[in-house]
Number of protein chains: 2
Amino acid sequence: MRSLKQIRSFVAVFEEGSFTAAAQREGATQSGISQHIRHLEESLGAELLVRDGRGVTPTVHGERYYGECVAILRRLDLAEAEIGRASALGGEVRIGLMPTFTRAVLAPTLDRFIAVAPTVDMRVTEAYSGVLTDLVRKGELDFAVVPGFQGAVGLSTTLLIRDREMLVASRNRLGQHLTPICLKDMDPLKIVVPGPQNTRRRNIETYCASHGVAIERRLQLDAMMGTLDFVASSEWVAILPGVMMVNDLDGARFDIRPLDQPALYSDFVLIEPTRRVLSPAAALFASMLRETTEQTITIRQARMREA
Amino acid sequence: MRSLKQIRSFVAVFEEGSFTAAAQREGATQSGISQHIRHLEESLGAELLVRDGRGVTPTVHGERYYGECVAILRRLDLAEAEIGRASALGGEVRIGLMPTFTRAVLAPTLDRFIAVAPTVDMRVTEAYSGVLTDLVRKGELDFAVVPGFQGAVGLSTTLLIRDREMLVASRNRLGQHLTPICLKDMDPLKIVVPGPQNTRRRNIETYCASHGVAIERRLQLDAMMGTLDFVASSEWVAILPGVMMVNDLDGARFDIRPLDQPALYSDFVLIEPTRRVLSPAAALFASMLRETTEQTITIRQARMREA
DNA sequence: GACCCTCTATCAAAAAAATTAATATCGGAA
DNA sequence: TTCCGATATTAATTTTTTTGATAGAGGGTC
């Protein structure tokens, strides 16, 4: 009478806020989802969702039931993980990373991971946080690493790393490579920034506005490789997380200086669907990613002390 | 792919130790159960049960998976309970009681319960503990009250009450109604006992053997009403839980004296299927049953102090 | 060892359920 | 009003589940 399909459908509708979106996510039709929800509501004898012209809103019962359903799906996933895949360390790992992470820490992490888990089929998607968040919620990624944020329905969040933001410019333009810098004391900046939908953009704007940083011109570039290339060959600067600059600490291409007075930190979090449990292989990759990133930061701190 | 039917089937097979029995319990055919288990094992990629000529034994994986499955079913039940039936206090309550409880505490409990929950459809089954245990495991009873025991697969146990055992004889045969008595000091007993499959029989035998109680003759009677009738009209005695004698404290029909040096206590526990959660109505009945029983015991203690 | 009894496995037919595609309907915004 | 974007409904289709019959495996018993 009650079925897992019904429960999965309900969870999807709740999280997506729409029957149509839930249908897409579940690889089903809107009609099927509609019927599942109806049967569920009938058999429970309670309305779970209020439909209006724009989409759906959960009722009080719906909210409560959703919590239980997520717990159930999660436990189901756990049960499976415990036996089938427990020791195997095989299967498929699909992760999403922002350019910040693909630039420098992905390669060494992959090296280590592939050596330990040779049978795992690894898939990495590079995208900005909004896209990654959607993919994770849809269950198309095991997890993703995105800038710290306020959470979303159906996702659980774990802090992966906290890193310092750097002012990056082409070689010899700033001088004093790797020593702290206070933006307020500088000439007005010509700065390359990501688009307004990007979480980091908001952080940068907030920082500049609240600490009296003068900006002469803004250039909006939503291409990380392009940003670096442009900065390297122009008088423009960018504010970037330190973790992506670890291969440029030698100063050959860029002058890199940590923001100071005050320092600006960015959080990066691991997000995963609450209804699921990380496979052992995915969990291993996540912990390796953290380790590599931490090592990266440690190396940079050592260099900064030298400088 | 994975379905609740599969999980329910597996839990049933695990608890019943047999495909055939599980099929009966689930109201399905042996063939269907067999296929569910096969699909489950296939999709998990692990054997859960080892089949031999006599029935089935779980593998290590099976044991682990069972635990998770029970938790999932329980949670599912809880989710439902939380919304649909939460405040209703309606539906059906099916309970099982031993004669010990039907004799004196059932009637006043029912009085109170029916007043509070007029819409509940109440069904009480009287039987000995073995039968009740089976019925609870099969899910045909919400809960049952049985003598404290070592537990069984798929059942969870809660202590409901601990009560003192009494020596019961016909009026004026023992004298000193309601005062403690030490069996060791008595002439050899002519005692009515239940059959060896009965949990209380074992307790009585153990007590007598280990405290030097002399027994002249045993009469095996598996009929509680019959036992009382026979004891009332003969020189035979019986050892019975105090809770069932509360209506005979006036001494009009029986001499009742608590065993002493040492006192003998019996535990009565509430058993329910682990995979399910008590409905609010059932939980209410259980707590009323406990209250009534406790009051019963308190009354008796007061009378004993008077005597 | 032959027999019997009980239990599980398998298979094809039948029944039930889920899924779909098409369409109706509803509610809000312009 | 009219349109747009959403959910509901329906009947046909596809898939899955369930069944009944039967085969096979493993222990006991004589």
Side-chain angles (χ1 to χ4, degrees), chain A residues 1-59 61-62 65-66 69 73 76 134 138-139 153, chain B residues 1-59 61-62 65-66 69 73 76 134 137-138 153:
Chain A
M1 175 110 135
R2 190 73 31 83
S3 83
L4 285 180
K5 284 235 177 67
Q6 287 172 1
I7 288 176
R8 275 192 247 271
S9 299
F10 173 62
V11 166
V13 171
F14 187 101
E15 291 177 357
E16 304 291 333
S18 140
F19 281 50
T20 313
Q24 267 187 275
R25 157 167 149 185
E26 296 293 299
T29 58
Q30 175 266 324
S31 168
I33 298 290
S34 173
Q35 293 179 66
H36 277 313
I37 302 297
R38 179 153 57 87
H39 290 146
L40 191 58
E41 289 181 323
E42 273 169 10
S43 89
L44 288 171
E47 241 194 5
L48 297 174
L49 301 162
V50 179
R51 288 82 155 164
D52 64 23
R54 331 279 298 134
V56 297
T57 324
T59 63
H61 281 155
Y65 197 63
Y66 168 75
C69 287
L73 293 183
L76 206 61
D134 280 351
K138 289 202 200 318
V153 177
Chain B
M1 173 112 133
R2 189 73 32 81
S3 83
L4 284 180
K5 286 237 176 67
Q6 287 172 1
I7 288 177
R8 274 193 246 271
S9 299
F10 173 63
V11 166
V13 171
F14 187 102
E15 291 177 357
E16 303 291 333
S18 140
F19 281 50
T20 313
Q24 268 187 274
R25 157 167 149 185
E26 296 293 300
T29 58
Q30 174 267 322
S31 168
I33 298 289
S34 173
Q35 294 178 64
H36 276 314
I37 302 296
R38 179 152 58 85
H39 290 145
L40 191 58
E41 289 181 323
E42 274 169 11
S43 90
L44 289 171
E47 243 194 4
L48 296 174
L49 301 162
V50 178
R51 288 81 157 164
D52 65 24
R54 326 284 294 136
V56 298
T57 324
T59 63
H61 281 156
Y65 197 63
Y66 167 76
C69 288
L73 293 182
L76 206 59
D134 280 350
R137 207 180 46 213
K138 289 204 201 315
V153 177

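Order of the sequence lines fixes the chain letters, A, B, ..., with proteins taken first and strands second; residue numbering starts at 1 for each chain. Hydrogens, waters and symmetry mates are skipped; everything else that's a heavy atom, side chains included, is used.
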S.K.: Check nucleotides 4-10 of chain C for protein N or O atoms closer than 3.5 Å to its own N or O atoms and list the pairs.
M.R.:
from   : atom 1 : to      : atom 2 : distance (Å)
C:dT8  : OP1    : B:Phe19 : N      : 2.6
C:dT8  : OP2    : B:Phe19 : N      : 3.4
C:dT8  : OP2    : B:Thr20 : N      : 2.9
C:dT8  : OP2    : B:Thr20 : OG1    : 2.5
C:dA9  : OP1    : B:Arg51 : NE     : 2.5
C:dA9  : OP1    : B:Arg51 : NH2    : 3.4
C:dA9  : OP2    : B:Ser34 : OG     : 3.1
C:dA9  : N7     : B:Gln30 : NE2    : 3.1
C:dA9  : N6     : B:Gln30 : OE1    : 3.2
C:dT10 : OP2    : B:Arg38 : NE     : 3.3
C:dT10 : O4     : B:Ser31 : OG     : 3.1

S.K.: Is there a side-chain contact between B:Asp52 and B:Val56 in this structure, where contact means two heavy atoms from C-beta onward sitting under 4.5 Å apart?
M.R.: no
S.K.: In terms of side-chain geometry, is the basic nitrogen of B:Glu15 or B:Arg8 positioned less than 4.0 Å from the acidic oxygen of its partner?
M.R.: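 No.
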S.K.: Respond yes when some side-chain nitrogen or oxygen of B:His39 is under 4.0 Å from OP1 or OP2 of D:dT16, and no when none is.
M.R.: no
S.K.: If I take atom CD in residue A:Glu26 and atom C1' in nucleotide C:dA18, what distance separates them, rounded to the nearest angstrom?
M.R.: 14 Å
S.K.: Grab the CG-C1' distance between B:Leu4 and C:dA17 for me, whole Å please.
M.R.: 15 Å
S.K.: Is there a side-chain contact between B:His36 and the phosphate of D:dT16, meaning an N or O under 4.0 Å from OP1 or OP2?
M.R.: no
S.K.: Any side-chain heavy atom of A:Ile37 sitting closer than 4.5 Å to one from A:Gln6?
M.R.: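 Sidechains of A:Gln6 and A:Ile37: no contact.
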S.K.: What integer distance in Å separates A:Glu16:CD from D:dA6:P?
M.R.: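 Atom-to-atom, A:Glu16 to D:dA6, this comes out as 13 Å.
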S.K.: Determine, for B:Arg137 against B:Glu16, whether the closest basic-nitrogen to carboxylate-oxygen distance falls under 4.0 angstrom.
M.R.: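 Salt bridge: yes.
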S.K.: When you measure from the side chain of B:Thr59 to the backbone N and O of B:Leu48, does any donor-acceptor pair fall under 3.5 Å?
M.R.: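 The answer is yes, because a donor-acceptor pair under 3.5 Å joins these two groups.
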S.K.: Distance check needed: C:dT19 P versus A:Gln6 CD, whole Å only.
M.R.: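 A:Gln6 atom CD is separated from C:dT19 atom P by 10 Å.
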S.K.: Look at A:Glu41 together with A:Arg51 and state whether they make a salt bridge at an N to O cut-off of under 4.0 Å.
M.R.: yes
S.K.: Tell me: NZ of B:Lys5 to C1' of D:dT16, nearest whole Å?
M.R.: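 Result: 10 Å.
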